[in-house]
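Order of listing sets the numbers, starting from 1, for every ligand and every atom in it. Scope of the values below: all heavy atoms of this structure, side chains included, with no hydrogens, waters or symmetry mates. The structure displayed is predicted, hence computed values, not measured ones.
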Amino acid sequence: MNSPFLNHLHSPKRPVIVFDGATGTSLQTQNLTAEDFGGPEYEGCNEYLVHTKPEAVEKVHRGFLEVGADVIETDTFGGTSIVLAEYDLADQAYYLNKAAAELAKRMAAEYSTPEKPRFVAGSMGPGTKLPTLGHIDFDTLKNAYVEQALGLYDGGSDLLIVETCQDVLQIKAALNAIEEVFEKKGARLPLMVSITMEVMGTMLVGSEINAALTILEPYPIDILGLNCATGPEQMKEHIKYLSECSPFVVSCIPNAGLPENVGGHAHYRLTPMELRMALMHFIEDLGVQIIGGCCGTRPDHIQQLAELAQTLTPKERNPKHEPSAASIYSSQPYEQDNSFLIVGERLNASGSKKCRTMLNAEDWDGLVSLAKSQIREGANVLDVNVDYVGRDGVRDMNELASRLVTNSTLPLMLDSTEWEKMEAGLKVVGGKCILNSTNYEDGEPRFYKVLELAKIYGAGVVIGTIDEDGMARTADKKFEIAKRAYNDAIAYGIPAHELFFDTLALPISTGIEEDRENGKGTIESIRRIREELPGCHVILGVSNISFGLNPAARIVLNSMFLHEAMQAGMDAAIVSASKILPLAKIEPEHQEVCRKLIYDQREFDGDVCTYDPLAELTTLFEGKTTKRDRSQDENLSVEERLKRHIIDGERIGLEEQLEKAREKYPPLEIINTFLLDGMKVVGELFGSGQMQLPFVLQSAQT
Ligand code: THG
């Protein structure tokens with residue numbers, strides 16, 4: 001992209017760039033009449049002024065250009081047809097946006113010199129409806145933004161700013177709209193996103209700053225920062241986060257302090273000098289490169305900022321970004337220390353009868369509560385699958401995902417064999433999703449279709465090792481497909497850290513000869529992916545491995561397989577979080593049999609099999625249930641039992657033991673000796689990789 005604005009922004013002297021101040025505040029001081037607005041029915045529609053009284057808008061721009069603003073924003077904050085419809089001006093949207101950009105460009109040109117070029121940012125505000133809360137659907141909002149962006153583009157804007165963002169899904173709609181316009185025009189403009197963090201410390205829909213960054217990181221934007229709602233003081237922590245973690249230029253456009261209610265009007269107290277001092281710190285210490293003013297900032301505020309900008313160079317930043325998914329509320333790093341990304345499997349209509357029954361009854365509350373129970377069990381991400389023959393999957397995904405999005409603090413993995421259902425989810429989920437999955441089974445078009453969705457909506461993607469010849473069974477074939485997909489995806493523009501390879505855990509529980517090496521093949525392929533395809537992730541749907549075995553045996557075999565796969569380099573798994581045991585809780589004999597089953601270490605005497613770990617496992621678990629065997633506990637002393645309760649993270653029955661212990665010991669001694677002894681063991685198990693973090697947390701909570 002050949003952009004004078006970007007050339008200026010990234011020029012070696014790294015100038016601090018100053019945006020203008022409040023448009024509304026400046027218009028108010030002109031005491032405009034109903035007639036100025038084109039009649040009483042249009043009073044308050046600032047965007048219409050570019051048509052009815054352009055001098056008023058020119059005056060605002062001049063005010064800021066005079067005092068040294070580098071960038072002025074078009075008078076189009078509420079310029080989508082959706083907002084303009086409130087004044088019956090919906091059909092004027094394209095025209096008003098174009099006119100506003102042309103007007104601003106004239107002003108900017110008038111004040112531009114070779115030493116001090118001036119630029120126009122086409123302003124795209126949030127509108128009045130929040131898509132995450134269902135006030136408006138994604139496509140309607142996106143189409144309105146297409147029209148606005150087209151007008152701003154055609155009017156000659158130097159960059160576009162999606163600003164005062166309150167809802168992450170709204171930002172995605174705007175960015176998708178803008179990309180569509182760029183595609184149509186065959187050229188791009190620089191892009192800035194400015195989000196609004198409310199006084200309570202999140203965006204209006206509840207997003208923390210880490211969620212916002214995770215969600216926006218995949219998009220081709222240039223600048224990400226904050227504007228509106230508060231003064232600089234309340235923005236400080238968020239700006240610091242962006243400074244440390246955001247790959248984009250950081251902007252900060254605060255109000256002149258927190259609004260105070262004075263005589264029924266918002267009053268902004270910060271003086272120009274106070275605003276200057278606050279932003280000086282952000283530039284010098286946090287590397288902010290773009291500053292400006294929002295509500296309550298007048299030309300005298302901007303004058304101070306323009307003076308400040310001349311004397312400062314933003315501090316160098318070395319942002320460190322952690323690849324993550326996100327709910328609308330917070331982000332969830334893909335990589336877990338000493339553990340794996342736990343993807344809860346139970347919201348799956350094709351894999352679980354319970355889920356299927358609820359879906360068929362359209363028991364949405366029941367499904368949401370299934371989601372919540374998985375959050376409590378320690379899942380990090382929720383797999384969501386509504387594939388069910390005979391139902392309208394697009395509608396089901398829309399219904400379910402739109403409920404999960406506000407009810408789940410965890411990111412969603414949209415699981416379907418049909419991309420239409422994935423897209424239905426993406427259109428209601430403001431968080432950053434993972435798409436599960438794509439492969440070459442139906443050829444390259446379908447493979448790329450899912451990648452396209454990942455790119456458009458900013459998502460991670462699971463790639464199964466399946467190609468035109470079907471499901472890969474050997475380690476070589478699995479690796480070969482993974483390598484092909486790795487190269488294809490990266491060439492397409494999806495970075496390695498957004499790829500999760502699924503080398504397919506197939507049953508080793510059938511006794512059929514050709515299934516015997518399924519476990520070995522999967523584990524071997526994981527090792528090769530880890531060695532040869534840098535930066536990607538490996539995921540498995542672990543439960544497949546034990547299909548058909550009794551539930552108690554499944555838990556043990558699944559857990560052992562999980563452990564072996566992790567050793568080989570798997571870092572994510574689709575599991576039932578409550579049904580995974582840490583190695584320390586599996587008897588050594590059971591571990592041994594499972595290992596032999598996974599690696600097919602049968603023993604033969606000639607052609608005769610003399611030892612079959614599958615038969616052995618089946619025998620070992622004959623008649624066993626998944627209820628915990630407490631018979632051995634009978635002989636333990638109360639001291640030992642307390643310790644066990646902590647190690648097992650088992651709260652049930654703990655109080656009874658505590659009461660007994662209190663007959664012998666003072667409370668503090670119980671804590672310091674027996675309970676902490678248990679935590680010490682937990683620490684050792686964690687350190688040696690035998691216990692994963694969720695179990696450690698369970699123990700600590702107990
Ligand atoms: N890889 C990827 N995605 C996947 C899988 C995979 N998604 C689907 C599946 N495999 C993982 N999900 C499940 C969900 C449930 C079960 C297994 C895997 C399961 N269900 C119980 C059973 O089969 O016994 C039934 C429970 C019930 O009916 O209530 O175990 O491999 N990328």
Side-chain angles (χ1 to χ4, degrees), residues 325 334 340-361 363 366-367 370-371 373-374 377 379 381-388 393 397 412-419 421-422 425 433-441 447 450 454 459-466 471-473 478 481-482 485 499-510 518-519 521-523 525-526 529 536-559 561-562 565 570-580 626:
Y334 289 153
F340 61 96
L341 188 73
I342 302 172
V343 183
E345 73 179 10
R346 288 166 54 204
L347 270 176
N348 188 328
S350 74
S352 147
K353 185 146 172 287
K354 186 176 172 191
C355 180
R356 192 154 50 230
T357 307
M358 285 197 278
L359 185 68
N360 227 7
D363 177 6
L367 291 163
L370 190 56
S373 71
Q374 294 189 91
E377 283 168 11
V381 174
L382 298 178
D383 189 74
V384 184
N385 179 312
V386 295
D387 286 352
Y388 186 105
M397 185 59 103
L412 304 181
M413 173 175 273
L414 306 175
D415 182 349
S416 179
T417 50
E418 289 165 55
W419 63 264
K421 292 181 208 167
M422 292 181 192
C433 299
I434 304 173
L435 303 180
N436 182 18
S437 57
T438 193
N439 58 57
Y440 296 106
E441 186 174 16
F447 173 78
V450 176
V461 58
V462 176
I463 301 177
T465 51
I466 306 174
M471 210 180 267
R473 311 211 41 154
K478 286 173 198 272
I481 297 173
L499 305 177
F500 290 77
F501 287 101
D502 183 344
T503 62
L504 311 178
L506 304 172
I508 51 174
S509 45
T510 65
N518 281 343
T522 298
I523 295 210
S525 65
I526 294 173
I529 288 174
C536 66
H537 308 279
V538 177
I539 189 168
L540 289 178
V542 167
S543 310
N544 307 350
I545 204 88
S546 61
F547 227 74
L549 294 180
N550 105 11
R554 287 195 76 171
I555 290 181
V556 170
L557 181 58
N558 291 350
S559 303
F561 187 74
L562 188 75
M570 181 204 75
D571 59 355
I574 307 169
V575 294
S576 186
S578 63
K579 290 190 186 156
I580 293 296
T626 52

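- For the residue pair A505 and N544, the shortest heavy atom distance occurs at O-CB, 2.9 Å.
- When the ring pair (Phe, Tyr, Trp, His ring centres under 6.0 Å) test is applied to F561, no partner is found at least two apart in sequence or on another chain.
- Scanning all heavy atoms of the two residues, the minimum distance from G464 to N439 falls at O-CB, 3.5 Å.
- With sequence neighbours excluded, the residues that form a side-chain contact (heavy atoms from CB on, under 4.5 Å) with A565 are I526, L540, M570.
- With no hydrogens or angles considered, no side-chain donor-acceptor pair links Y334 and D571 at under 3.5 Å.
- Ordered by chain and residue number, the residues placing a heavy atom less than 4.0 Å from ligand 1 are E345, N348, G351, S352, K353, K354, D415, N436, V462, D502, G541, S543, N544, F547, R554, I574.
- With sequence neighbours left out, A577 forms a side-chain contact (heavy atoms from CB on, under 4.5 Å) with I342, E377.
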